[in-house]
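These notes are about the structure you will find just below.
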Amino acid sequence: MNFKKVSEVRTIFLDYFKEKGHTIVPSSSLLPAGDPTLLFTTAGMVQFKPLFTGAVELPYTRAASAQKCLRTTDLENVGKTERHCTFFEMLGNFSFGDYFKEEAIEYALDCSVNYLGFPKEKIWITVFENDDEAEKIWISKGIPKERITRLGKKDNFWGPAGDSGACGPCSELYLDRGPEKAFPDCGVKYECKPGCDCDRFLEFWNIVFNQFNQDTEGNLHPLKQTGIDTGSGLERVALLLQGVDSVYDTDELKKIIQEVEKISGKTYNESTKVPFRVITDHIRSVLFTVSDGIYPDRTGRGYVIRRLIRRAVLFARKLDLKEPFLYKLAKSVCDIYKERYPELEKHISSVERTLLAEEELFLKTLEIGLEKIEVLVSKTKSEGSNTFSGKDSFLLYGTYGFPAEMTEEIVAEHGLSFDRKGFEDELEKDRQSSRETWKANKVSLFTGIKTDKTQFLGYDVLEAESDLKFIFSDNKQAAALKEGESGVFVFSSSPFYPEGGGQVGDIGFIRKDGSVFKVLDTQKENDIILHIGTVLSGSFSVGDKARLEVEKERRERLKFHHSGTHLLNGALRTLLGNHVLQKGSIVSPEYLRFDFSHPSPLSPEEIRNIESWVNESIVRHIPVDTKVLPIEEAKKTGAVAAFDEKYGDSVRVLQMGDRSLEFCGGTHVGNTGDIGYFFIKKESSPGAGNRRIEAVAGPLVVETFQNRFAELTEAVQNLNLKIKDELATDGASFSIKTIIPGPDEIRSLFETKGADAVVFLRDLSEKLSLELEETQSKFLKGKKNRESRDFENNPEVIAKVFENSKVIGSVKIVSAIFESKDAKALKGLSDNIKVREKEIVAIFASKNTEDASIVITCSSSLVGKIHCGELVKTACEILGGKGGGKPDMAQGGGKEVSKVEEAVRSALEKASSSLNGGK
């Protein structure tokens with residue numbers, strides 16, 4: 001085999017399929033569009049899911065791609081095995097109702113042998129256990145039967161990607177790497193062939209024959225059109241062609257390892273390979289995810305990214321890397337991939353900032369967290385337990401920032417299992433609790449104590465040194481606080497902002513030598529700042545000088561939302577009138593909430609205008625100026641005061657040009673342009689005469705729209721799929737005509753249009769929502785019509801009706817009671833029955849959820865003997881309702897569902913009596 005670089009393999013593959021008439025489709029984002037069942041794009045077929053199911057109009061019938069993917073299902077194995085990666089590139093060729101097994105097999109073998117250079121005599125094949133067709137095709141292409149293995153569903157049935165979508169049996173190509181790669185007993189004790197756990201046979205190409213669509217309940221439905229989904233891991237193919245044993249020894253990953261060697265001063269070898277591989281894999285994953293707009297967070301996708309960063313930082317300690325270093329690697333890794341993925345270079349500054357902030361945050365508690373875990377492990381073992389408790393793992397998570405999965409991995413190295421349920425229980429308890437105890441008792445802390453107010457430094461700095469003046473524990477003064485104890489610290493000065501003016505309190509750390517106090521909340525009483533938290537290590541005593549450090553990223557988000565709140569207040573007073581008064585607000589890192597006086601709900605147009613006014617203020621890049629003035633002088637400026645705030649002799653006045661002038665002690669941006677974007681998510685009422693707006697500002701706006709359009713995409717795909725499945729025989733099909741932007745396009749819109757993107761995307765989402773609503777209405781109407789026709793013409797229903805017929809002379813009387821049918825369906829069935837007999841009376845009723853319906857018809861020749869309107873009136877009196885109609889057709893209903901049988905029996909008896917001459 002000829003050595004080929006990773007980039008060469010990618011090019012050969014895509015060029016081959018381009019020659020075969022495939023459209024080369026660019027890689028989609030790692031943030032999957034319209035698929036909430038997936039955290040990340042995990043396979044090449046993800047972006048093509050709607051094309052396989054027939055949910056959208058096909059732009060092409062065959063395609064090929066090199067798709068960036070992220071999988072973390074086996075994260076604990078990354079670094080410890082030769083081939084596990086979280087990030088990888090998936091080569092794929094796809095057919096949507098075009099070619100199937102024969103051509104897919106031919107392409108796979110031809111490309112592998114004649115273009116990539118795999119020796120045909122070393123290629124083995126697996127097929128699904130009952131797929132005779134695939135085996136025959138492989139044999140016809142020159143693969144002998146003895147090199148074809150049949151495997152079961154676990155190995156040779158693929159999909160779907162996520163909880164639903166296209167799936168089917170598959171066939172894989174393996175390379176025989178020789179008996180020297182096998183286990184010692186393979187071929188002797190075991191039969192060595194594809195499917196064996198040894199390293200002799202390595203899969204490098206998987207062809208999925210998509211024949212089914214799996215719904216969210218796991219049921220398989222035949223696809224209207226068969227399809228081909230190929231997956232071939234780029235790094236794995238390169239491993240085989242380069243003749244190396246590990247993907248980490250392929251040319252591109254090897255370059256990253258060399259960069260880690262430069263930064264660490266360590267050599268990559270057998271003893272150091274695990275931390276080198278973890279760092280190499282994780283920096284690549286984080287570079288690509290953050291470039292796609294997926295940021296570290298406490299939940300969801302962001303939690304996975306934070307976990308990757310922290311796992312890399314943890315393993316870096318084995319290379320004596322104890323300072324931030326991942327952010328230094330980002331640029332060199334970007335240089336390796338930027339030609340193929342130019343978005344990496346575009347976002348490299350954002351990646352570096354994000355990495356540095358995350359590393360700094362975790363390093364603040366990592367050392368003492370590792371010491372703590374050693375103590376807890378020893379305690380667990382000394383108690384004779386083999387399970388690390390959920391309570392201890394939650395302590396490490398909540399206090400030291402250790403993701404639960406990381407703790408699980410660490411304790412496993414000590415031979416302990418992990419109490420996952422115990423951890424989840426502790427997490428739920430924490431969600432339901434709060435620190436209101438401190439807030440409720442803070443007034444009593446200073447009874448009889450005289451102290452100067454705390455000097456607030458947080459407008460200018462986020463880190464500062466200060467003297468510890470008081471310690472409180474259990475609502476009493478204390479001289480000191482040691483490791484594991486919780487309490488309140490009071491300093492002479494502090495950069496920590498205490499909760500006030502709607503803005504929540506800062507969090508962060510306080511340090512003294514080797515001692516660390518984690519600040520979980522910041523409150524205020526009589527201008528004294530209270531730092532509430534727990535000692536993580538060491539001890540603190542009154543009189544100590546300590547360093548106070550506010551968490552930076554969180555404060556940034558608070559600034560965006562607080563400044564956004566001021567602009568929102570300005571917009572409301574300008575556009576709605578000066579009667580608008582602030583009635584309350586919350587400024588958190590995740591969102592802002594603003595309550596104000598206004599007599600009526602805001603119209604969509606008013607919301608749009610308010611939002612545009614704020615975004616226009618952002619685009620103008622207005623400087624944010626502050627002045628501290630005597631209270632009387634401040635009032636003369638015309639600045640707006642918050643209704644529930646108490647002001648002292650002097651007050652801080654904050655001005656944003658001609659857009660906002662308010663009293664405010666909160667933290668803010670230096671320029672309105674720093675906010676970036678503003679979006680109103682919801683408008684509601686907290687009580688009579690007041691309205692409430694919830695909004696987001698800054699990068700969270702981008703994320704909000706990405707999520708919103710993902711939900712719309714999913715709804716459209718699901719709806720179109722159902723329409724096509726259920727209404728195809730009617731020739732009816734409805735579709736959404738508006739193009740839905742994906743995550744990449746949304747992010748690009750914000751980068752090019754700035755705050756103006758909010759208007760465009762809001763309009764687009766509203767238009768799509770309306771289209772979706774109208775389409776769904778048509779769909780439901782069409783579905784109802786079809787169900788009605790199916791019922792009316794159902795041979796089994798008709799046969800059942802005639803089984804219960806009663807004959808009086810030349811007349812047949814038929815009656816039946818059905819479940820959940822409307823009057824239209826009953827009438828349709830009656831019409832169908834009437835044409836089958838010369839003289840007939842049909843009495844049909846239905847028991848529905850809240851009421852009952854009845855329809856009675858008769859042949860026209862019976863008019864004079866039978867009056868259907870009178871029969872219906874009789875029945876409806878029993879049903880507690882009304883009804884009537886013509887002599888040959890009448891309908892009605894009532895609420896007494898339990899009396900349907902009695903009503904039908906009464907109508908039947910009256911009809912029989914009429915036909916018998918009143919007897």
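- A donor-acceptor contact closer than 3.5 angstrom links the side chains of Q503 and T667.
- Atom OG1 of T380 sits about 10.0 Å away from atom CG of N386, to the nearest 0.5 Å.
- With sequence neighbours excluded, no residue satisfies side chain to side chain donor-acceptor pair (under 3.5 Å) with Q258.
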(message) Would R747 and E343 count as a side-chain contact (heavy atoms from CB on, under 4.5 Å) here? Give the steps.
(response) CA-CA 11 Å; R747 196 166 184 217; E343 68 270 18; over 6 Å; no
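- Once rounded to the nearest 0.5 Å, the distance linking OG1 of T72 with CD of E76 reads 9.5 Å.
- Two residues are said to be in side-chain contact when any heavy atoms from C-beta on lie closer than 4.5 Å; V274 and F315 meet this criterion.
- Put simply, the side chain of E551 reaches to within 4.5 Å of the side chain of L361, judged on heavy atoms.
- Within the 4.5 Å cutoff, the side chain of L355 has no heavy atoms near those of the K328 side chain.
- Nearest approach of S539 to K482, heavy atoms of both residues: CB-CA, 3.9 Å.
- Considering only residues two or more places apart in sequence or on other chains, K421 meets the salt bridge (Lys or Arg N to Asp or Glu O under 4.0 Å) condition with D425.
- No close placement of the F509 and F517 rings is indicated, their centers lying 6.0 Å or farther apart.
- When atom types are taken as modelled, the side chain of E89 and the backbone of K68 share no donor-acceptor pair closer than 3.5 angstrom.
- Nearest heavy-atom pair, E485 versus A480, reported as atom, atom and distance to 0.1 Å: OE1-O, 4.5 Å.
- Of the possible polar contacts, one joining the R301 side chain to the L39 backbone as a donor-acceptor pair under 3.5 Å is found.
- No side-chain heavy atom of T42 sits under 4.5 Å from any side-chain heavy atom of C69.
- Between the side chains of H531 and S494, at least one donor N or O sits under 3.5 Å from an acceptor N or O.
- When only modelled atom types and interatomic distance are considered, N269 and S271 share a side-chain donor-acceptor pair under 3.5 Å.
- Using modelled atom types, one side-chain atom of S246 and one backbone atom of E82 make a donor-acceptor pair closer than 3.5 Å.
- Closest of all the heavy-atom pairs between A312 and L326 is CB-CD1, 3.9 Å.
- Put simply, CD on E553 and OG1 on T354 are 6.5 Å apart, with the number rounded to the nearest 0.5 Å.
- Between the side chains of T534 and S486, at least one donor N or O lies within less than 3.5 Å of an accepting N or O.
- When side chains are defined from C-beta on, I256 counts as touching R284, because their heavy atoms get closer than 4.5 Å.
- Under a 4.0 Å N-O distance rule, the pair E252/K255 does not qualify as a salt bridge.
- Under the 3.5 Å distance criterion, the side-chain polar atoms of D292 are matched with a main-chain donor or acceptor of L30.
- Scanning for salt bridge (Lys or Arg N to Asp or Glu O under 4.0 Å) contacts around E549 gives K364, R511, with sequence neighbours left out.
- At least one donor-acceptor pair closer than 3.5 Å links the side chain of D419 to the backbone N or O of G422.
- No donor-acceptor contact under 3.5 angstrom links the side chains of Y295 and E358, judged on distance only.
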(request) Any chance you could lay out the side-chain contact (heavy atoms from CB on, under 4.5 Å) test for V78 and R277, step after step, and finish with the verdict? (result) CA-CA 7 Å; V78 173; R277 289 174 179 180; over 6 Å; no
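- The structure places CD of E409 at 6.5 Å from CG of L75, a figure rounded to the nearest 0.5 Å.
- A donor-acceptor contact closer than 3.5 angstrom is absent between the side chains of E235 and T250.
- Between F362 and F402, the distance from one ring center to the other falls under 6.0 angstrom.
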(message) Please determine whether side-chain contact (heavy atoms from CB on, under 4.5 Å) holds for the pair T272 and L319, giving the CA-CA distance in whole Å, both sets of side-chain angles, and the decisive distance to 0.1 Å.
(response) CA-CA 8 Å; T272 61; L319 302 179; 4.2 Å; yes
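- Defined by atom type and a distance below 3.5 Å, a donor-acceptor pair is missing between the side-chain atoms of S393 and T407.
- Note: N206 CG to D155 CG = 10.5 Å, rounded to the nearest 0.5 Å.
- When atom types are taken as modelled, the side chain of D392 and the backbone of L376 share no donor-acceptor pair closer than 3.5 angstrom.
- Residues meeting the side chain to side chain donor-acceptor pair (under 3.5 Å) test with K682, sequence neighbours left out: none.
- Under the ring pair (Phe, Tyr, Trp, His ring centres under 6.0 Å) criterion, H282 pairs with no residue, sequence neighbours left out.
- Here Y268 and F276 bring their ring centres to under 6.0 angstrom of each other.
- You'll find the side chain of R547 stays beyond 4.5 Å of the side chain of I510, heavy atoms only.
- For Y677, the ring pair (Phe, Tyr, Trp, His ring centres under 6.0 Å) partners at least two apart in sequence or on another chain are F750.
- For the pair S285 (side chain) and L70 (backbone), a donor-acceptor distance under 3.5 Å is absent.
- Summarising the geometry, atom CG belonging to L31 is positioned 7.5 Å from atom CG belonging to N707; distances are rounded to the nearest 0.5 Å.
- The main-chain N or O of D320 is never found under 3.5 Å from a side-chain atom of K266 such that the two would form a donor-acceptor pair.
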(request) Would you check, one step at a time, whether the test side-chain contact (heavy atoms from CB on, under 4.5 Å) holds for I279 with F325? (result) CA-CA 10 Å; I279 293 166; F325 73 97; 3.8 Å; yes
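- Partners of L202 according to the side-chain contact (heavy atoms from CB on, under 4.5 Å) rule, which considers only residues two or more places apart in sequence or in another chain, are R83, R177, R236, L239, L240.
- Applying the side-chain contact (heavy atoms from CB on, under 4.5 Å) rule to S417 yields the partners T387; only residues at least two apart in sequence or on another chain are considered.
- Q47 and T41 form no side-chain donor-acceptor contact under 3.5 Å, judged by distance and modelled atom types alone.
- Judged as a salt bridge (Lys or Arg N to Asp or Glu O under 4.0 Å), and not counting sequence neighbours, the contacts of E405 are R420.
- Pairs of residues two or more places apart, or lying in two chains, that qualify as ring pair (Phe, Tyr, Trp, His ring centres under 6.0 Å) and include a residue from residues 70-89 are F87-F288.
- Applying the salt bridge (Lys or Arg N to Asp or Glu O under 4.0 Å) rule to E203 yields no partners; only residues at least two apart in sequence or on another chain are considered.
- In summary, D249 and K254 do not engage in a salt bridge, as defined by a charged side-chain N under 4.0 Å from a carboxylate O.
- Counting heavy atoms from C-beta on, the side chains of D506 and L558 come closer than 4.5 Å.
- Listed by chain and residue number, nothing satisfies the ring pair (Phe, Tyr, Trp, His ring centres under 6.0 Å) test with Y400 (two or more places apart in sequence, or in another chain).
- Remark: side-chain polar atoms of D281 are paired, donor with acceptor, to backbone N or O of T86 under 3.5 angstrom.
- By the 4.5 Å heavy-atom criterion applied to side chains, V702 and Q706 are counted as neighbours.
- Put simply, the side chain of S291 gets close to the backbone of L287: a donor and an acceptor are under 3.5 Å apart.
- Counted within 6.0 Å of NZ on K552, heavy atoms from surrounding residues, nucleotides or ligands total 12 or fewer; the atom is thus considered open.
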